[in-house]
There are 2 protein chains.
Amino acid sequence: MDKFKQFIKNIVPISDKEFFDSLAYFREIHLQKGEYFVHQDKVCKQIAFIAHGTLRSFYLNHKGEETTSCFCSERNFSTSFRSFILQQVSDISIQAIEDTTLFVIDYDSLQKLYATSPTWQNIGRKVAEKEYIVMEKYASVLNNETAKEKYMRLINEQPSVIHKATVEDIASYLGVTRRTLSRIRQEISK
Amino acid sequence: MDKFKQFIKNIVPISDKEFFDSLAYFREIHLQKGEYFVHQDKVCKQIAFIAHGTLRSFYLNHKGEETTSCFCSERNFSTSFRSFILQQVSDISIQAIEDTTLFVIDYDSLQKLYATSPTWQNIGRKVAEKEYIVMEKYASVLNNETAKEKYMRLINEQPSVIHKATVEDIASYLGVTRRTLSRIRQEISK
DNA sequence: ACGAGTAAAGGACATTTGTCCTTATCTGAT
DNA sequence: ATCAGATAAGGACAAATGTCCTTTACTCGT
């Protein structure tokens with residue numbers, strides 16, 4: 001909970017009182033490894049702050065293979081943003097790849113916060129802007145870097161994911177097959 | 001200007017009076033084919049609504065080649081979002097690929113609008129959310145579709161770009177070389 | 001402790017894409 | 001109308017990646 005407060009305070013100035021009042025709209029939930037936070041083809045009604053643990057976002061591509069789009073670690077918001085914002089069915093699933101603690105808020109509650117609190121309207125915009133920047137960076141990496149460079153980046157930026165996720169998931173995250181990831185690892189180990 | 005008003009009204013309810021008052025913060029500018037709206041390595045101080053024309057966003061990758069990240073047509077906002085939001089130097093350039101008309105607002109003016117107008121705070125959040133969704137879709141396409149599928153998508157979603165942009169730009173947008181785009185076009189023409 | 005089921009590594013060949021070219025076509029200034 | 005420079009198409013070979021497979025290493029329940 002302190003992590004959450006600190007995270008919000010880093011975005012906007014907010015008094016302890018206002019923060020704790022807002023906290024009534026959130027609730028803490030725990031996911032075990034393998035449990036789902038969001039299901040593909042259902043409307044995602046919640047957004048979560050990750051206090052502890054790691055989530056994996058993925059979808060089934062047209063060949064029916066799981067494609068990992070994101071590994072999301074603590075001190076980040078996670079949701080199926082498109083589904084949550086538009087309140088349409090989600091094209092992704094989100095699953096815990098280790099035991100995870102979240103603070104979640106419902107769509108309706110968040111709209112109430114937006115309507116009554118300029119502070120939360122401001123937080124909402126800044127979180128959307130930040131998520132945009134993260135996604136833009138991701139797209140630029142996808143477009144520009146080889147699978148090997150992407151793998152090195154993952155090692156640097158999210159080293160714990162290398163051990164928490166399966167080879168299959170990491171390969172799909174990098175946009176290559178397991179075979180190619182195997183070759184990359186072979187090269188690096190030299 | 002009517003296009004701009006209509007676009008804003010589709011985002012939030014706003015009175016004609018409030019819209020025209022806000023319009024004082026914007027100014028209309030015209031770019032000729034080839035002119036730049038944003039320069040790489042400079043701080044981007046403006047965001048633009050495209051009333052007419054097409055912009056191309058691109059950056060130099062580590063090999064010094066131009067990589068097109070986006071073709072942006074009328075009825076959209078365009079800026080180097082990361083640079084604009086963070087007021088840091090831009091990693092992209094934005095150039096008109098045909099004669100183009102923009103409504104632009106400075107960073108400082110927009111912050112004033114945010115500070116004084118809940119309506120604009122709301123517009124800002126919703127535009128950021130929308131841009132996020134566009135970027136997420138782009139990333140999912142990059143990760144999932146072959147160059148041929150991406151080319152077919154471009155033909156469907158932005159047909160005019162096929163004729164306005166060069167083969168070089170389209171190839172870098174698809175993440176392949178000119179040679180591969182040439183092969184794709186050959187296949188399609190059968 | 002053991003075996004069945006699961007996950008990772010890597011061999012062999014096919015396919016795709018890139019690199020480096022040459023040839024053909026378009027465009028704009030004189 | 002003509003020519004120079006720019007732009008696009010496509011041939012030939014090299015390099016990278018995918019597909020399919022076998023072998024090896026883990027992991028969990030009994």
Side-chain angles (χ1 to χ4, degrees), chain A residues 32-35 54 56 58 60-68 71 95-99 141-155 158-190, chain B residues 32-35 54 56 58 60-68 71 95-99 141-155 158-190:
Chain A
Q32 291 192 306
K33 180 174 177 176
E35 274 191 279
T54 308
R56 175 177 79 98
F58 66 96
L60 299 179
N61 67 16
H62 46 69
K63 292 181 205 152
E65 303 154 342
E66 285 189 4
T67 305
T68 298
F71 295 108
Q95 186 187 30
I97 60 170
E98 63 179 332
D99 294 359
V141 164
L142 281 180
N143 220 0
N144 249 292
E145 297 191 352
T146 64
K148 186 178 176 183
E149 288 166 336
K150 284 186 255 179
Y151 186 67
M152 299 304 286
R153 175 185 296 279
L154 188 62
I155 288 175
Q158 300 186 276
S160 69
V161 166
I162 304 292
H163 304 107
K164 290 172 183 168
T166 65
V167 166
E168 182 98 43
D169 292 348
I170 295 172
S172 78
Y173 178 71
L174 301 176
V176 296
T177 59
R178 271 176 300 172
R179 186 68 191 83
T180 299
L181 178 52
S182 167
R183 279 193 267 246
I184 289 168
R185 288 184 146 162
Q186 198 173 25
E187 270 188 74
I188 289 173
S189 69
K190 284 178 205 163
Chain B
Q32 291 191 306
K33 181 176 176 176
E35 274 192 281
T54 307
R56 176 177 78 97
F58 65 95
L60 299 179
N61 68 15
H62 45 68
K63 292 181 204 152
E65 303 154 342
E66 284 189 5
T67 304
T68 298
F71 295 107
Q95 186 186 31
I97 61 170
E98 64 179 332
D99 294 359
V141 164
L142 281 180
N143 221 2
N144 251 291
E145 297 190 352
T146 64
K148 186 177 176 183
E149 288 165 338
K150 284 185 256 180
Y151 186 67
M152 299 305 285
R153 175 183 295 280
L154 188 63
I155 289 175
Q158 300 185 274
S160 68
V161 166
I162 304 292
H163 304 107
K164 289 171 183 169
T166 64
V167 166
E168 180 98 41
D169 293 346
I170 295 172
S172 78
Y173 178 71
L174 300 177
V176 296
T177 58
R178 270 175 302 173
R179 187 67 190 83
T180 299
L181 178 51
S182 167
R183 280 192 267 246
I184 289 168
R185 288 184 146 162
Q186 197 172 25
E187 270 188 73
I188 288 172
S189 68
K190 283 180 209 163

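Everything quoted here is computed from the prediction, not taken from an experiment. Below, chain A is the first sequence line, B the second, and so on; all start at residue 1.
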Heavy atoms of B/S172 and B/T68 approach each other most closely as OG-N, 2.8 Å
Heavy-atom nearest pair, A/G34 first then A/Q95, reads O-NE2, 3.2 Å
Provide, to the nearest angstrom, the distance between the [atom1] atom belonging to [X] and the [atom2] atom belonging to [N].
X      : N      : atom1 : atom2 : answer
A/K33  : D/dC28 : NZ    : C1'   : 12 Å
A/R183 : C/dG11 : CZ    : P     : 10 Å
B/H163 : C/dC26 : NE2   : P     : 14 Å
A/D169 : C/dA7  : CG    : C1'   : 12 Å
B/I170 : D/dA9  : CD1   : C1'   : 14 Å
B/Q186 : D/dG11 : CD    : C1'   : 10 Å
B/I184 : C/dT16 : CD1   : P     : 12 Å
B/E145 : C/dT16 : CD    : P     : 18 Å

Of the candidates D/dG11, D/dA9, C/dG10, the side chain of B/S182 sits closest to D/dA9
Per atom distances to the A/R179 side chain, the nearest of D/dA8, D/dA12, D/dC20 is D/dC20
| field | Worked verdict on A/Y151 versus A/R185 for side chain to side chain donor-acceptor pair (under 3.5 Å) | value | CA-CA 9 Å; A/Y151 186 67; A/R185 288 184 146 162; 2.9 Å; yes
| query | Checking A/E187 side chain against A/I184 main chain: does a donor-acceptor pair fall under 3.5 Å? | reply | no
- Query: Counting distance only, does the side-chain N/O of B/T54 pair as donor-acceptor with the main-chain N or O of B/I97 below 3.5 Å?
  - Reply: no
Show the numbers, then the answer: is there a side-chain contact (heavy atoms from CB on, under 4.5 Å) between B/M152 and B/I188? CA-CA 9 Å; B/M152 299 305 285; B/I188 288 172; 3.4 Å; yes
OP1 or OP2 of D/dG18 sitting under 4.0 Å from any side-chain N/O of A/T180? yes
Practice problem: Give a yes/no answer on whether the side chain of A/R185 brings an N or O atom under 4.0 Å of OP1 or OP2 in C/dA9. | Solution: yes
Sugar-phosphate only, base, or nothing, as touched by A/T166 at under 4.0 Å among non-hydrogen atoms
sugar-phosphate
Contact check, residues 171-178 of chain B vs DNA chain C, heavy-atom distance under 4.0 Å, returns B/V176, B/T177
Here the salt bridge (charged side-chain N to carboxylate O under 4.0 Å, His left out) pairs for residues 172-182 of chain B, sequence neighbours left out, are B/E168-B/R178
